[in-house]
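Below, chain A is the first sequence line, B the second, and so on; all start at residue 1.
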Amino acid sequence: MTIISRRKLITSAAIGAGGLLSGCDALNRNPAFQDMLSSAETANFTVQRALGNRMQLASEYSSADLSPVFRANGTRDPATPAYAASAAQGFADWQLRLTGLFEKPQMFSMAALQSLPQRTQITRHDCVEGWSAIGQWTGVPLKIFLDIARLQDSARFLVFHCADRLGGRPYYESIDLVDGFHPQTILAHRLNGEPLPVANGAPLRLRVERQLGYKQAKYITGIQAVASLDGIGEGKGGYWQDVANYEWYAGI
Amino acid sequence: MPKDVLISKHPRHRLATRLWHGINALCLLVLLMSGLTIFNAHPRLYWGEYGANDDYAWMAIGSSGRSGYLRLGDTRIETTGFLGNWQDSEGRTRTWAFPGWATIPSSYSLADGRRWHFFFAWIFAIGLTLFMIRSLWNRHIQKDLNMRKDEWRPSHIWRSLRDHTRISVIRQSWSEDYNVIQKLTYIGVIFILLPLMIFTGLAMSPAMDANWPLLTDLFGGRQSARSVHFLTAALLVLFFLIHMVMVLLSGPVRQVKAMILGGARKEPST
């Protein structure tokens, strides 16, 4: 009796394991199940925002803690003729355009941008894949631009447009105004005391230190203030959100 | 005394225990398999705050040529067919670290793996918290997992450990109170390993690093937290395997039945 039952148990466990795998893949393809899974993003966002002060700083390190090599990921060179031409002259002609729901939409040259107040911070870059690198970033706090160009009351998100394309689509990212006004959110143009290398997003990249690496948009050409993310790309707020199931909130 | 009264009034496993056991088993299975998908995105582990491809990894799974390998420190172990280089169900060679049969989803998708992981992480964390509260409240912890003074004697622990290698002793043990090895194991899993999974998981989050910087520091940095997260998961797999062997040796049908229906606390005299 026991032996038969035991054999039955083992057989059904093996069938169960096989069924579990194909079952999981079927669930993974089900839109309603995906919606249920993605509800964790709302929970993560709500709880992580509630746990700390909204202006709480991410850890900052000393120069002794720097990664010997700061790994580059994603696009390592936009390689378009326009980008190559700008890179050839040290990005002297690069323009940052502030568009959308600003009281005073305007453009900044790299020279104008470098004459604004600067912030230098040594922070840890956490990639969604699992690796981390510590680097020293210098750039203009995003708040400075927001104060100069002044957001309209209806603005809720800031969209960062980039010069690089991945799989034929332009890269973009977006953040809300809590991160937009956070003191460590900067448009960086220097890494480890040197002009930002092309592989790391020259001449301008976003640093939004309380989120993962894919939020740190590189090769920034413009910031668009919007009331909703609906009309941008496919409406999910970023390149990786549009092409795969990455979450807009990347605090974990 | 009729048998069913004994079962309903004094079940071997309380309702809260049985409910949590089922939910928790499902959560841990999904968390392990979706966790291996996430690990596959960067199959290298480091100590310290940072760590990427140019830094020294104490553990790495990879593929070179046609062979897969696991590297632990300076020791390289060939794992072709299992880790790093294996064939999927259609016979194609894949070079992801963990094979498709061990991951959710079975094909590589970091984004989907993360969705599964975080959703079930919430159920797991809430379930564990409620189980802990309920088990202190109904005195399951104090009554069944409490270590008596004499149980701390090394000779007692040693004897109990040896009993776990004797099939005849294991076969008779199914209706007895938990022995010292069971108590230590269940306390270790419930109060150390499972919370450690939650806290090392949170310690990898950049937002938590801003909210609770001490948490990441406690584990010696984000990459150390990632290593501890992986090693703790490996210990939980080890616990699961031994747990399964013990269930199979001590009478799997009555054990599984008791974990579903409750079972009887003392062996009914028939």
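- Of all residues in residues 63-71 of chain A, those placing a non-hydrogen atom less than 4.5 angstrom from a non-hydrogen atom of chain B are A/Asp65, A/Leu66, A/Ser67, A/Pro68, A/Val69, A/Arg71.
- Among the candidates A/Gly130, A/Ser38, A/Ala244, the residue making the largest number of heavy-atom pairs closer than 4.5 Å to chain B is A/Gly130.
- Residues B/Glu49 and A/Arg124 are paired through a salt bridge, judged by an N-O separation under 4.0 Å between the basic side chain and the carboxylate.
- For B/Phe120, the part lying under 4.5 angstrom from a heavy atom of chain A is the side chain only.
- Looking at B/Trp116, both its backbone and its side chain come within 4.5 Å of chain A, counting heavy atoms on both sides.
- Of residues 83-97 of chain B, no residue lies under 4.5 Å from chain A by any heavy-atom pair.
- Residues A/Trp131 and B/Gly51 come closest through the heavy atom pair CB-O, 3.1 Å.
- Between the OG atom in B/Ser107 and the CG atom in A/Asn28 there is a gap of 7.5 Å [rounded to 0.5 Å].
- Of the residues considered (A/Met36, A/Gln211, A/Arg29), A/Met36 shows the highest number of contacts with chain B, using heavy-atom pairs under 4.5 Å.
- For B/Trp101, the parts lying near chain A are the backbone and the side chain together; criterion is any non-hydrogen pair under 4.5 Å.
- Comparing A/Gln56, A/His125, A/Gln184 by heavy-atom pairs within less than 4.5 Å of chain B, the highest count is held by A/Gln56.
- Both the backbone and the side chain of A/Gln48 have a heavy atom closer than 4.5 Å to some heavy atom of chain B.
- Using a 4.5 Å cut-off between heavy atoms, B/Leu45 does not touch chain A at all.
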Quiz prompt | side chain to side chain contact (heavy atoms under 4.5 Å, CB included) between B/Leu110 and A/Trp240, intermediate numbers included | solution = CA-CA 11 Å; B/Leu110 173 59; A/Trp240 286 110; over 6 Å; no
Practice problem: Mind running side chain to side chain contact (heavy atoms under 4.5 Å, CB included) on A/Glu247 and B/Arg115 for me, showing each step along the way? | Solution: CA-CA 8 Å; A/Glu247 311 296 1; B/Arg115 278 198 170 173; 2.9 Å; yes
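- Comparing A/Glu209, A/Gln34, A/Arg49 by how many heavy-atom pairs each has under 4.5 Å with chain B, the most go to A/Gln34.
- No part of A/Thr123 comes within reach of chain B, as not one of its non-hydrogen atoms sits under 4.5 angstrom from that chain.
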Identify all side-chain donor-acceptor contacts of residues 133-140 of chain A below 3.5 Å with residues at least two apart in sequence or on another chain.
unit_1	atom_1	unit_2	atom_2	d
A/Gln136	OE1	A/Gly193	N	3.4
A/Thr138	OG1	A/Thr120	OG1	2.9

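- B/Asp55 touches chain A through its side chain: at least one heavy atom from C-beta onward sits under 4.5 Å away, while N, CA, C and O do not.
- For A/Asp25, the part lying under 4.5 angstrom from a heavy atom of chain B is the side chain only.
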Quiz item: Checking side chain to side chain contact (heavy atoms under 4.5 Å, CB included) for the pair A/Leu51/B/Met208: CA distance, chi angles, key distance, verdict?
Solution: CA-CA 8 Å; A/Leu51 278 179; B/Met208 289 312 297; 3.7 Å; yes
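- Here the CG-CZ distance, from A/Asn245 to B/Arg114, works out to 11.5 Å after rounding to the nearest 0.5 Å.
- Applying a 4.5 Å heavy-atom cutoff, the residues of residues 215-235 of chain B that approach chain A are B/Thr216, B/Arg222, B/Gln223, B/Arg226.
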